[in-house]
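To start, the structure itself, in structure tokens.
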Amino acid sequence: MRVRFAPSPTGALHIGGARTALYNWLLARGAGGALLLRIEDTDRERSTPENVEQILDSLRWLGLDWDEGPFFQGERAERHREQIAALVRDGHAYEDEGAVRLRVPEDGATVVADVIRGEVRFEHAAIQDFVIARSDGSPLYNLAVAVDDLDMSITHVVRGEDHLSNTPRQVMVLRALGAEPPLYAHLPLLHGPDGKKLSKRHGAASVEDLRDAGYLPEAVRNYLALLGWGYDETTTFFTTAELVERFSLDRVSRAPAVFDEPKLRWMNGRYLRELDEQELARRLEQRLGRDGLRAPVRIAREKLQTLADFWPLAAFLVERQPFDEDAWGRIMGEGDAEREAAERLARARSALAGVDPFDEQPVEQTLRGLVEELGVKPKAVFQPIRLAISGSSISPGIFESVALLGREETLERIDAALARVREG
RNA sequence: GCCGCCAUCGUCCAGGGGACUAGGACGCCGCCCUCUCACGGCGGAAACCGGGGUUCGAAUCCCCGUGGCGGUACCA
């Protein structure tokens, strides 16, 4: 089995393209065959180093490798011209105002064998003699693709459904060249939540967007595999090895799918929590360009769905944060309420000052003791502390956070909050 | 216009003549857990596009309609 992924080098790798790449990769790996990469671009102007590198980067990030390539279609122009000349010589094509057209028979039909859709029949009467070379002699897509697939001995062409209507033309070129076409599989398209073609308006639209949004490549692989394919009634999580083993084209659905980011977020959170602490810290440190995040990761990880969620939640553990005014208003209140909250905070300060060792357990014991002593609800004591140390109403567990900050830092931050109350 | 593809909960995927009172997941709602936010647990609402046919029996097969999408370039 020889399979190719053939992106157009127009820049970012679209999510739909990423799924096509994944399916090709799973197929190649599952069969122990080769995946080859061809940059589909008869007009080599578009294959700028930046555009190509962007695509390769996205594929690498996804963990999809290739055995051969990338090949550039633009570099094969001589071979394409050769075959165009051969088609004219053999009477399969003719010149028309400088351009070269392939002869399409008046009668009959070309049947495309599609693994996903069955046999799709295209009547010749509805297809014009189509152009395979421009007046300047340069080859057109439908010619170039057919010649390349043939020369590269491609056995399976897996691509988006938008190519289905072009396929009979490619099959006709192949037959005119005396070759049998490969097996085709046209994947359903991917849409945004509004049913329209997926675009930046919908949020993430490219692999780059997904990386920036803090998704893990292993989660993206799992999610993408399930957009248009299902293994059985209940299985949702697949290791990549399982995908390689179980993926098959005959279970790919025919209907378009909607890219649903909330489900990816959920799945990403599951993958995030399965990562061991050290590995998660490593990825976050790399992403944020910082060191020493191991401890914050330990206490914040259960609340994360994406890597991007970490810093807003845990930055206060590394550096002091300004107070969130809304949170202050909600937690401290005004007037008497604020004075009472401040009083509880002051009591917490005194209690914490005497905790030794300043570890999670003793901190919890002390603060719960204070709650009992004051006869108030736990949050009446804990929320002002949370606000004082984090500046926010949301944080990892209060005991872990306080213990991690240490006595000195915790007391300083509480003092700063109390000073703010005094100063109005 | 013409050609082609498609149609099960809001979304993704199962089910492909009887096991369907249609299954799982996300999301949503409720309850539990709880120091916030999450996580986790339990429960709930939620779908076979419409009409004809075939059949003892249709979500499943066929036809028509409707709707969505794609193509119809000297683009890829």
Side-chain angles (χ1 to χ4, degrees), chain A residues 6-10 39-43 46 73 96-101 112 114 116-118 120-123 125-128 130-142 144-145 159-169 186 188-189 191 193 195-197 223-237 251-267 269-270 272-273 300-305 309 312-313 327 330-331 364 367-368 371 377-387 390 392-402:
Chain A
S8 175
T10 45
I39 307 297
E40 220 151 72
D41 187 6
T42 60
D43 163 16
R46 291 194 199 174
Q73 209 162 49
D96 174 28
E97 296 179 8
V100 179
R101 290 182 184 272
V112 174
D114 190 292
I116 297 170
R117 286 153 218 285
V120 186
R121 183 183 177 86
F122 296 86
E123 298 294 336
I127 304 176
Q128 315 276 324
F130 55 95
V131 176
I132 56 176
R134 300 183 181 88
S135 320
D136 67 1
S138 62
L140 248 34
Y141 172 73
N142 283 131
V145 165
R159 62 202 342 181
E161 198 205 314
D162 49 338
H163 285 279
L164 182 55
S165 299
N166 278 328
T167 308
R169 292 174 231 276
H186 287 95
L189 263 19
H191 292 161
K196 299 273 165 56
K197 187 178 158 69
Y223 176 73
L224 247 30
L226 259 20
L227 263 189
W229 176 85
Y231 180 66
D232 60 15
E233 193 163 316
T234 55
T235 313
T236 303
F237 289 93
R251 288 192 66 82
V252 172
S253 88
R254 289 170 304 271
V258 173
F259 176 72
D260 185 45
E261 197 166 343
K263 189 163 185 175
L264 207 211
R265 285 187 65 85
W266 164 80
M267 181 170 275
R270 295 279 305 249
L272 220 49
R273 268 169 256 126
R301 63 175 305 177
E302 64 179 13
K303 303 183 187 305
L304 308 181
Q305 273 192 317
D309 292 343
L313 184 71
R330 260 178 288 124
I331 292 170
E364 173 164 4
L367 290 178
R368 288 201 189 279
V371 166
K377 287 181 179 174
K379 66 167 68 168
V381 171
F382 298 157
Q383 280 300 74
I385 299 174
R386 188 186 313 282
L387 180 66
S390 75
S392 146
S393 62
I394 299 170
S395 82
I398 197 71
F399 315 120
E400 303 94 295
S401 298
V402 165

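In what follows, every heavy atom counts, from backbone to side chain, and hydrogens, waters and symmetry copies are set aside. By convention in this document, chain letters (A, B, ...) are assigned in the order of the sequence lines, proteins followed by strands, and residues within each chain are numbered from 1.
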Gap in Å between the two [atom1] atoms, one belonging to [N] and one to [M], rounded:
{"N": "B/C35", "M": "B/C29", "atom1": "P", "value": "23 Å"}
{"N": "B/C42", "M": "B/C26", "atom1": "P", "value": "12 Å"}
{"N": "B/G23", "M": "B/A47", "atom1": "P", "value": "11 Å"}
{"N": "B/C31", "M": "B/U21", "atom1": "P", "value": "32 Å"}
{"N": "B/A7", "M": "B/G51", "atom1": "C1'", "value": "15 Å"}
{"N": "B/U60", "M": "B/C2", "atom1": "C1'", "value": "32 Å"}
{"N": "B/C5", "M": "B/G24", "atom1": "P", "value": "34 Å"}
{"N": "B/A25", "M": "B/G41", "atom1": "P", "value": "10 Å"}

Considering every strand shown, what is the Watson-Crick or G-U wobble mate of [N] when both distances are under 3.5 Å?
{"N": "B/A19", "result": "none"}
{"N": "B/U55", "result": "none"}
{"N": "B/C33", "result": "none"}
{"N": "B/C39", "result": "none"}
{"N": "B/G67", "result": "B/C6"}
{"N": "B/U72", "result": "B/G1"}
{"N": "B/A46", "result": "none"}
{"N": "B/C12", "result": "B/G24"}

With A/H186, the side chain to side chain donor-acceptor pair (under 3.5 Å) member among A/H163, A/R159, A/E161
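The option that passes is A/R159.
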Should we say atom CD of A/Q128 is surrounded by more than 12 heavy atoms from elsewhere, each under 6.0 Å from it?
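Not more than 12 within 6.0 Å, no.
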Using whole Å, what does the distance between atom C1' of nucleotide B/C39 and atom CD of A/E302 come to?
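Whole-Å distance recorded here is 6 Å.
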Tell me what [X] touches on the nucleic acid: a base, only sugar-phosphate, or nothing, going by heavy atoms under 4.0 Å.
{"X": "A/R251", "answer": "sugar-phosphate"}
{"X": "A/E40", "answer": "sugar-phosphate"}
{"X": "A/T10", "answer": "nothing"}
{"X": "A/L227", "answer": "sugar-phosphate"}
{"X": "A/F122", "answer": "sugar-phosphate"}
{"X": "A/G397", "answer": "base"}
{"X": "A/D136", "answer": "nothing"}
{"X": "A/P193", "answer": "nothing"}

Please determine, for the side chain of [X], which listed nucleotide ([options]) has the closest atom?
{"X": "A/V258", "options": "B/G27, B/U11, B/G70", "value": "B/U11"}
{"X": "A/W266", "options": "B/G27, B/G4, B/C12", "value": "B/G27"}
{"X": "A/D162", "options": "B/C6, B/G70, B/C12", "value": "B/G70"}
{"X": "A/F382", "options": "B/C3, B/C35, B/C75", "value": "B/C35"}

Taking the six-membered ring for Trp, does A/H163 stack with B/A76 (centroid gap under 5.5 Å, planes within less than 30°)?
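Yes.
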OP1 or OP2 of [N] less than 4.0 angstrom from a side-chain nitrogen or oxygen of [X], does that happen here?
{"X": "A/R368", "N": "B/C35", "result": "yes"}
{"X": "A/R134", "N": "B/A76", "result": "yes"}
{"X": "A/S253", "N": "B/C13", "result": "yes"}

On a plain distance test, is the side chain of [X] in donor-acceptor contact with the base of [N] below 3.5 Å?
{"X": "A/S165", "N": "B/C3", "value": "no"}
{"X": "A/K303", "N": "B/C39", "value": "no"}
{"X": "A/N142", "N": "B/A76", "value": "no"}
{"X": "A/R386", "N": "B/C35", "value": "yes"}

If you find the nucleotide of RNA chain B closest to A/D260 and the one closest to A/L164, which residue's nucleotide is nearer the 5' end?
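Between the two, 5'-proximity favours A/L164.
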A/A255 or A/R270, whichever maps to the more 5' nucleotide of RNA chain B
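On the 5' side of the pair lies A/A255.
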Can you tell whether the side chains of A/D309 and A/R265 come within less than 4.0 Å, N to carboxylate O?
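Salt bridge present between A/D309 and A/R265.
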Any Lys/Arg nitrogen of A/D41 or A/R46 sitting under 4.0 Å from an Asp/Glu carboxylate oxygen of the other?
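No, this pair does not count.
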Check whether any side-chain heavy atom of A/E123 lies under 4.5 Å from a side-chain heavy atom of A/P168, and answer yes or no.
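In short, these two side chains do not touch, never coming nearer than 4.5 Å.
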Pairwise side-chain contact, A/V145 with A/N166, heavy-atom cut-off 4.5 Å (strictly under)
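Contact flag for A/V145/A/N166 side chains = no.
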Judged by atom type as modelled, is there a donor-acceptor pair below 3.5 Å linking the side chain of A/R301 to the main-chain atoms of A/L272?
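Yes, A/R301 side chain to A/L272 backbone: donor-acceptor pair under 3.5 Å.
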I'd like to know if the side chain of A/S390 pairs up with that of A/R386 as donor and acceptor (distance under 3.5 Å, no hydrogens or angles considered).
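A/R386 and A/S390 do not have a side-chain donor-acceptor pair below 3.5 Å.
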